[in-house]
Amino acid sequence: MKLYQRIFIFLIFILSISLSRAQDTGFSVQGVVQDHTKQGLRGVNIFVENTKIKTQTDQNGNFRISYKKGEAVLIFSLDGYKKLRRKMNFSSEGSPVSIQLIADQAAVEEVIVHGKGKVKALQDGAFTVNAIDVAKLANTTADLNQVLNRTTGIKVRQQGGIGSNYNFSINGMSGKAVKFFIDGVPLEMLGKGVDLSTLPVNMADRVEIYKGVVPIHLSTDAMGGAVNIITPGSSRNYLDAGISVGSFNTQRINLNGQFKDDKTGVILRINSFYNHSDNNYLMKDMKIWNAAKNEYEFRNLKRFNDRYQSVFGMAEVGVENKSWADSFFVGMSQSLFDKQIQTGSNQEVVYGGVKQNGEAYNYFMKYKKANLFNDRLDVNVYAGFSKSVQKATDTLMRKYSWDGSFEPSATSEKGGRSIIMQHEDRLYSQVGATYRITEHHKLIFNYVLDYLKNTTFNQLEERKEDVPPAKMTKQILSMAYQQDFFNKHWTNIFFGKYYSVGLQKMVFDPVTRTDYPAKDNFSNWGYGFATTVRITRELGIKGSFERSYRLVEPQEIFGDGVAVTSNMNLKPETSNNVNVGLYYNHHWGQHAFRIEGAGYIRDTKDFIYTVPNLYNSTFKYENLSNIFTRGLEGEVSYQYKRLLNVLMNVSYNKAYDNTKFANNSEDVVSATYKKDVPNQPWLFGNMNVSIGKDDWLQRDSRVELYYGLQMTEWFYKNWKSYGNPQNIPVIPRQTLHNIGISYSMKNGRYNLAFDVTNLSDALAYDNFKLQKQGRAFYIKFRYLLK
């Protein structure tokens with residue numbers, strides 16, 4: 001029995017026992033909260049009076065709250081509705097109750113169909129942010145990358161199928177300039193087998209995408225923005241299991257759940273998933289040598305060395321709502337991945353035996369406590385340690401073609417026979433605090449210590465004991481002052497960040513032709529502000545500025561042993577980021593309309609970007625002296641009841657090289673001066689339409705149809721100024737259509753979904769004009785028990 005099978009059987013066993021115990025011994029009240037039209041209300045806060053026990057309703061208005069046996073008063077509250085108190089009887093066999101909230105006419109203009117939630121609050125805040133309610137998409141077969149790729153200003157370009165490397169861009173800034181977090185913790189702590197292309201949507205409640213300026217509670221050196229995945233924070237018991245199968249032998253399984261023991265208050269949480277895909281989609285018009293005809297011909301052939309699989313399991317145990325802690329959890333996770341490498345930055349170069357695998361362990365502690373020191377101070381602490389090892393194998397002395405045939409070669413497939421081992425130990429800790437000076441003024445502090453030790457060597461030539469490790473220590477101290485005026489109609493946030501990085505690395509000496517240890521240190525202050533003015537109940541404007549620094553990342557300087565080669569001379573980059581935007585909401589009856597627009601400028605020095613190596617099919621990171629980026633984006637959304645949702649967005653982004661003189665000279669003008677940065681889309685947009693109907697085929701059911709359109713305008717693959725302008729490679733315009741249907745029964749307990757991506761089977765390209773998969777079919781079953 002394989003390891004991932006053992007893990008899933010163990011998790012299912014633990015959760016089954018836990019949920020059985022919860023249903024046998026728990027004393028609870030469950031039911032639904034609705035408005036006057038009998039529509040379920042999401043996000044209703046429910047409290048047991050005179051206690052800290054609380055919960056929230058789900059997207060359909062359903063809730064379950066546990067307490068000791070007997071009678072107690074429940075309080076139901078939601079912005080835009082009058083608060084309701086209701087005496088309830090907690091028992092093990094109580095019938096579901098139905099609660100109806102009455103609209104508060106004094107605040108009714110604040111309601112967006114189902115009330116103002118966290119997503120809208122973020123969108124109306126001072127920072128430029130996309131907030132996506134992922135819980136509504138939990139029944140789809142899409143991964144988080146596909147979900148985020150539909151949003152304004154976001155472009156995700158993947159080199160192949162599931163598990164392949166991808167380029168994630170926010171407002172034209174990509175690579176390591178964009179940071180990824182899960183509940184405020186760097187996603188890298190969970191291992192390379194965990195990223196946006198492998199995480200199931202069921203693991204996220206919402207996703208926050210900050211553009212340009214990032215709030216200090218993330219305390220990061222992100223310069224292009226940050227993505228923060230927020231997992232469900234409910235204290236109720238639940239089991240969420242899903243399985244998806246589809247084209248290219250794709251299988252995705254996820255199992256998430258929580259059990260709370262009412263007597264002790266101990267909570268057990270489990271998150272896990274498994275991904276597998278052969279990624280053997282068709283490559284169209286590939287150049288193949290025909291020996292019989294003694295000429296090249298173009299054929300459609302399947303990928304044959306691109307299988308990917310990964311498994312992840314995380315368990316945490318802790319308590320909530322105690323006198324000494326609002327939340328305290330300890331836990332651990334393990335991830336494993338195994339992937340074949342079909343090609344690199346140039347799809348004319350084909351690999352038949354290159355592969356990579358690895359595993360990672362993570363141990364962590366999380367602590368939160370609010371309302372200390374006369375209800376003025378909130379504290380948040382995280383500490384984690386991860387240990388990972390990756391192995392990249394390139395030992396076959398062959399040269400492959402796309403039909404799977406090969407010829408003997410004097411070198412290995414990537415040019416140097418190797419088994420590259422990478423051992424990484426990482427310690428990450430974060431301390432955050434918020435102090436409320438008065439009701440409308442507060443101070444925010446955050447400190448991050450991030451230490452990493454990397455040992456990379458070729459197992460065929462070296463031993464780990466003989467290779468000095470490279471070390472990196474990052475420290476980021478952030479401070480902010482927030483002020484609210486005129487009943488929060490005007491909010492200002494002023495902040496400063498201190499960046500420090502110490503790097504100990506091996507540097508090649510061209511004179512002695514040997515490596516020698518060297519140290520490199522960098523520190524500086526960044527600063528900025530964000531402001532938003534709510535002109536009317538419906539209209540608001542916002543703006544932000546930041547002088548930021550982006551420190552180098554381990555993969556950029558050390559490489560990854562497969563697709564990325566090292567560059568020990570890489571320097572940190574700095575940027576001045578400016579964002580302006582406006583939003584307008586309008587509601588009439590059951591209709592809701594929202595429009596958003598934003599503009600931005602990024603003036604970046606020592607810009608870090610990816611370039612293909614000339615002698616093999618790999619990438620490396622380099623510095624450009626100065627890159628200037630400007631752009632506009634807009635989004636329009638419309639909602640009618642729970643029946644119709646329409647969202648359209650468009651993004652325009654122009655980035656050009658603003659370095660006038662080449663190689664630090666004073667008279668030689670650079671050939672790329674004022675030319676557009678290549679391999680970067682400059683115009684793209686999306687349209688998403690969904691139509692849903694409740695209780696159509698049977699009671700407590702919902703059917704929903706979905707259509708998505710994605711358009712990307714043509715763009716240059718290489719610098720426009722290099723070579724004959726008529727022969728510069730171009731990535732052509734792409735238009736992709738996606739459709740889907742989902743059906744839920746028993747108030748969302750049983751769910752089925754069917755999706756078709758790239759419906760027209762269009763020829764589509766991605767990073768460096770690498771072909772993407774054609775038409776694909778996926779089906780998913782999801783079981784949700786609350």
Side-chain angles (χ1 to χ4, degrees), residues 127-130 145 148-158 166-179 209-214 222-227 542-546 548 550 573 575-582 596-605 607-611 624 626-636 647-659 672-687 709-720 728 730-736 764-769:
F127 296 97
T128 303
V129 58
N130 285 354
N145 255 346
L148 300 186
N149 198 31
R150 306 168 187 167
T151 60
T152 314
I154 309 301
K155 197 62 182 173
V156 182
R157 293 180 291 153
Q158 199 155 356
Y166 59 86
N167 179 284
F168 191 101
S169 171
I170 299 179
N171 291 159
M173 303 294 283
S174 59
K176 300 302 181 179
V178 178
K179 306 296 185 182
I209 307 170
Y210 295 94
K211 302 176 180 179
V213 181
V214 178
M223 194 157 55
V227 177
K542 61 176 68 178
S544 58
F545 165 81
E546 181 180 23
S548 64
R550 209 273 281 178
E573 59 184 1
S575 179
N576 293 322
N577 299 330
V578 178
N579 303 274
V580 294
L582 62 85
E596 294 182 73
Y600 55 88
I601 293 174
R602 312 276 187 264
D603 186 8
T604 309
K605 303 293 192 297
F607 178 74
I608 298 174
Y609 74 118
T610 55
V611 296
L624 277 177
N626 189 4
I627 293 293
F628 191 85
T629 305
R630 65 194 187 280
L632 297 170
E633 62 182 35
E635 180 175 286
V636 177
L647 185 146
M648 295 180 290
N649 60 59
V650 62
S651 303
Y652 167 84
N653 179 85
K654 275 287 188 176
Y656 61 85
D657 183 8
N658 206 27
T659 307
T672 60
Y673 179 55
K674 296 296 183 181
K675 299 298 189 299
D676 292 345
V677 175
N679 192 44
Q680 189 174 103
W682 60 275
L683 181 65
F684 52 92
N686 302 272
M687 181 176 71
L709 169 69
Q710 295 176 294
M711 189 283 295
T712 305
E713 187 56 282
W714 69 270
F715 56 96
Y716 287 113
K717 177 185 175 183
N718 299 332
W719 286 102
K720 184 179 178 180
I728 298 174
V730 168
I731 288 85
R733 176 187 297 169
Q734 301 171 65
T735 304
L736 304 180
Y765 300 97
D766 232 324
N767 211 20
F768 290 104
K769 205 177 180 180

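Just the heavy atoms: all of them, side chains too, but no hydrogens, waters or symmetry mates, feed the values below.
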Determine, stepwise, if the pair N658 / K674 fulfils side-chain contact (heavy atoms from CB on, under 4.5 Å).
CA-CA 6 Å; N658 206 27; K674 296 296 183 181; 3.1 Å; yes
N576 vs I601, side-chain contact (heavy atoms from CB on, under 4.5 Å): CA-CA, chis, key distance, verdict
CA-CA 8 Å; N576 293 322; I601 293 174; over 6 Å; no
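How far OH of Y716 is from CG of N679: 14.0 Å, rounded to the nearest 0.5 Å. With values rounded to the nearest 0.5 angstrom, L647 atom CG is found 6.5 Å from T152 atom OG1. For the atom pair CG (N686) and CD (Q710), the distance works out to 5.0 Å, reported to the nearest 0.5 Å. Atom CD1 in I170 sits 11.0 Å away from atom OH in Y600 (nearest 0.5 Å). With rounding to the nearest 0.5 Å, the separation of OG1 in T712 from CZ in R157 is 9.0 Å. Between Q680 atom CD and K654 atom NZ the span is 10.0 Å, to the nearest 0.5 Å.
If you look at W682 and F684, their ring centroids are not closer than 6.0 Å.
Partners of F628 by ring-ring contact (aromatic ring centres under 6.0 Å, His included), not counting sequence neighbours, listed by chain and number: Y656. Contacts of N145 classified as side chain to side chain contact (heavy atoms under 4.5 Å, CB included), with partners at least two apart in sequence or in another chain: D143, V156, Q158, Y166, F168, L196, S197.
The shortest heavy-atom contact between L632 and G599 is CD2-CA, 3.9 Å. Across all non-hydrogen atoms, the minimal contact from T151 to L148 is OG1-O, 2.6 Å. Between V578 and R602, the shortest heavy-atom contact is O-NH1, 3.4 Å. For the residue pair N626 and D657, the shortest heavy atom distance occurs at O-OD1, 3.1 Å. Minimum interatomic distance between E633 and K211 (heavy atoms only, all atoms of both residues): OE2-NZ, 2.6 Å. Across S651 and G153, no two heavy atoms sit closer than the pair OG-N, 2.8 Å.
A donor-acceptor pair under 3.5 Å is absent between the side-chain atoms of E573 and the main chain of T604, judged by distance alone.
Under the 3.5 Å distance criterion, with hydrogens and angles disregarded, no donor-acceptor pair is assigned to the side chains of K155 and N149.
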